[in-house]
Amino acid sequence: MANTMKGPGIFLAQFLGDDAPFNSLDAISKWAGDLGYKGVQVPAWDKRVFDLDKAAGSKTYCDEIKGMCAENGVEITELSTHMLGQLVAVHPAYDKQYDGFVPPEVQNNPKARQEWATGEVVKTAKASRNLGLDVTVSFTGSLAFPYLYPWPQRPDGLIDEAFSELARRWHPIFDAYDEQGVDIGFELHPGEDVFDGITFEMFLEKVNNHKRCTINYDPSHFLLQQLDYLDFIDIYHERITAFHVKDAEFNPSGRQGVYSGYQPWLSRAGRFRSLGDGQVDFSGIFSRLATHGYTGWAVLEWECCLKHPEDGAREGAPFISDHIIRLTEKAFDDFAGAETDRQTLKDMLGIE
C-alpha cells in the first residue's frame, strides 16, 4: 500500500570492513538481501561501497549500482552524510578528533576542512537525484555543544551566535538540495548542536523554516536523554523524513545517571542495544508513525555494546518487518454500517 512505510532497511556504515562480504557494495548488499532486508542506507563517504564523485556526475554510474543492488534483492534507501555533515561545523575542541576523517590535504586546516566537507555534502544532493532519491540523512555538526551545561555561566548571546553561524553554513547547502528536490534528515544526536526538539526548533528558525531541513528520527538518543520520544512524533511528524530503528536502555544508579560518568559503553547507565534487547517502545513508535502517515523507510542502525553485529543484523530484519503496520483500507465496524439519507439522520436526531 502507498500509505505504508517501507522496510526493513539497514544502515551499512557499522558493518563495513576490509574483509568480504563487508568490503564492497555488491557483496554487502547481497548479504543484506539474504538476511531479509529490502533496502540499504549507504554512507556517501566510504569509497569501499560508493564513489561520490562518480555518483554526482554520472547517472550511468548510479543506474549501474541501482541495478546491482536490485539483483541482490535490495534498493538504496538513502545516502548518509553523517561524517560529512559533522565536519560542516566543528568546535576547535574537536579539531584533532575529526582530522582523522578527512583527506591529508585538508588536515590541520579547519577552514579547508569545512569547505571540503560542504562540497561533499552538496555533491550528495546531486548523487541522490541521480539515484532517484528524495531524502538524505546527516548530522549538523557542533559549535555550541561544549557549552551544553550552563556552568561556567554562559555569556549572553553565545548560543544565539553559535546557531546563527550554524545556519549561515547550512542555508546555502539547503538551497543546493532544494535545487535537486532532496531533503536532509538530521539525526538529532548528543554531540551535535541539534540534539532534541528544542534545538531543532532553534536551528529551523535560524534557517527560515527551510523546507529541506528535516528529521531522521532515532528514538535511542531520546531515551538516553529521557525525552518523550512518542510525544516527539506527535509534535514534529511533519518534519520526519527518515527513521533509524535503534534500541537503547537507561539504567540509572546511585553512582551515575544521564551523563554516565565518562564510563566506556559497557559500563554506562545509558547504552545502545540491539533491537528488542533495550527499552524503546517500538510498538508505540510504529503506531505513531503510521497514525501520522509516515511512508519513508524503517532502517536498522545497529550499535550494541554487547551483541555481535552479525547477530544484531540477522535479528533486525524480522524485528522491523513484524513492527511495520500495513494500514487498513476500511474500518473494523464497516460490516455494521448501512446506507442512510438526510431524512433518516434527522429522524434519528428528532429534528423535523
Side-chain angles (χ1 to χ4, degrees), residues 4-52 54-55 60-84 101 124 127-128 130-133 135-138 185 187 216 218 220 242-248 265 272-278 280 282 286 296-324:
T4 300
M5 75 173 69
K6 298 183 285 289
I10 184 170
F11 186 24
L12 298 180
Q14 285 86 1
F15 298 95
L16 291 174
D18 294 328
D19 298 321
F22 306 109
N23 58 351
S24 72
L25 185 58
D26 188 15
I28 199 170
S29 63
K30 185 178 187 309
W31 168 79
D34 289 345
L35 289 176
Y37 291 98
K38 297 179 181 179
V40 291
Q41 190 176 88
V42 177
W45 66 87
D46 198 312
K47 294 187 181 300
R48 288 173 295 188
V49 292
F50 194 72
D51 190 318
L52 182 56
K54 280 186 179 180
T60 300
Y61 169 76
C62 289
D63 288 342
E64 288 172 353
I65 62 172
K66 284 171 63 178
M68 177 180 65
C69 287
E71 289 180 3
N72 292 329
V74 299
E75 59 185 286
I76 297 175
T77 66
E78 300 95 1
L79 296 179
S80 159
T81 62
H82 283 79
M83 297 314 302
L84 302 170
F101 297 129
T124 306
S128 295
N130 284 338
L131 287 165
L133 303 176
V135 182
T136 63
V137 290
S138 196
E187 185 171 345
N216 174 27
D218 184 335
S220 67
F243 175 22
H244 268 177
V245 190
K246 188 167 72 172
D247 211 344
W265 279 111
F272 297 126
R273 299 299 309 274
S274 285
L275 292 185
D277 293 343
V280 173
F282 284 106
F286 278 82
W297 280 89
V299 175
L300 168 71
E301 184 183 21
W302 179 88
E303 292 177 350
C304 183
C305 60
L306 289 172
K307 186 169 287 184
H308 192 283
E310 292 183 47
D311 293 336
R314 175 176 48 80
E315 295 169 358
F319 184 95
I320 294 174
S321 293
D322 289 345
H323 278 82
I324 290 177

Would you compute the distance between atom [atom1] of [X] and atom [atom2] of [Y] and round it to the nearest 0.5 angstrom?
X      : Y      : atom1 : atom2 : value
Lys47  : Lys54  : NZ    : NZ    : 10.0 Å
Phe11  : Asn216 : CZ    : CG    : 9.0 Å
Trp265 : Glu303 : CH2   : CD    : 7.5 Å

What pair of heavy atoms forms the shortest contact from [X] to [Y], and how long is it?
X      : Y      : answer
Ile324 : Pro8   : CD1-N, 4.4 Å
Asn72  : Ser29  : ND2-OG, 2.9 Å
Phe50  : Pro43  : CB-O, 4.1 Å
Thr77  : Leu133 : O-CD2, 3.8 Å
Ala242 : Glu78  : CB-OE2, 4.2 Å
Phe272 : Ser220 : CE2-OG, 3.5 Å

[Y] backbone acceptor or donor facing [X] side chain under 3.5 Å:
X      : Y      : answer
Ser24  : Ala27  : yes
Thr81  : Ser138 : no
Asn23  : Arg48  : no
Asp247 : Arg273 : no
Tyr61  : Asp51  : yes

Chi angles and distances behind the side chain to side chain contact (heavy atoms under 4.5 Å, CB included) call for Ile65, Leu131: CA-CA 9 Å; Ile65 62 172; Leu131 287 165; 3.9 Å; yes

Glu310 and Phe22, any side-chain heavy atoms less than 4.5 Å apart: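 Side-chain contact under 4.5 Å: yes.
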
Close side-chain approach of Leu35 and Ile10, heavy atoms under 4.5 Å: no

Indicate the ring-plane relationship of Phe319 and Phe282, choosing parallel, tilted or perpendicular according to the 30° and 60° boundaries. perpendicular

Take the angle between the ring planes of His82 and Trp45 and call it parallel below 30°, perpendicular above 60°, tilted in between.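 The arrangement is perpendicular - the two ring planes meet at more than 60°.
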
Crowding at NZ, Lys66 (>12 non-hydrogen neighbours, <6.0 Å): yes

Salt bridge (Lys or Arg N to Asp or Glu O under 4.0 Å) assessment of Asp34 paired with Lys30: CA-CA 6 Å; Asp34 289 345; Lys30 185 178 187 309; 3.0 Å; yes

Please walk me through it: do Glu75 and Lys6 pass salt bridge (Lys or Arg N to Asp or Glu O under 4.0 Å)? CA-CA 11 Å; Glu75 59 185 286; Lys6 298 183 285 289; over 6 Å; no

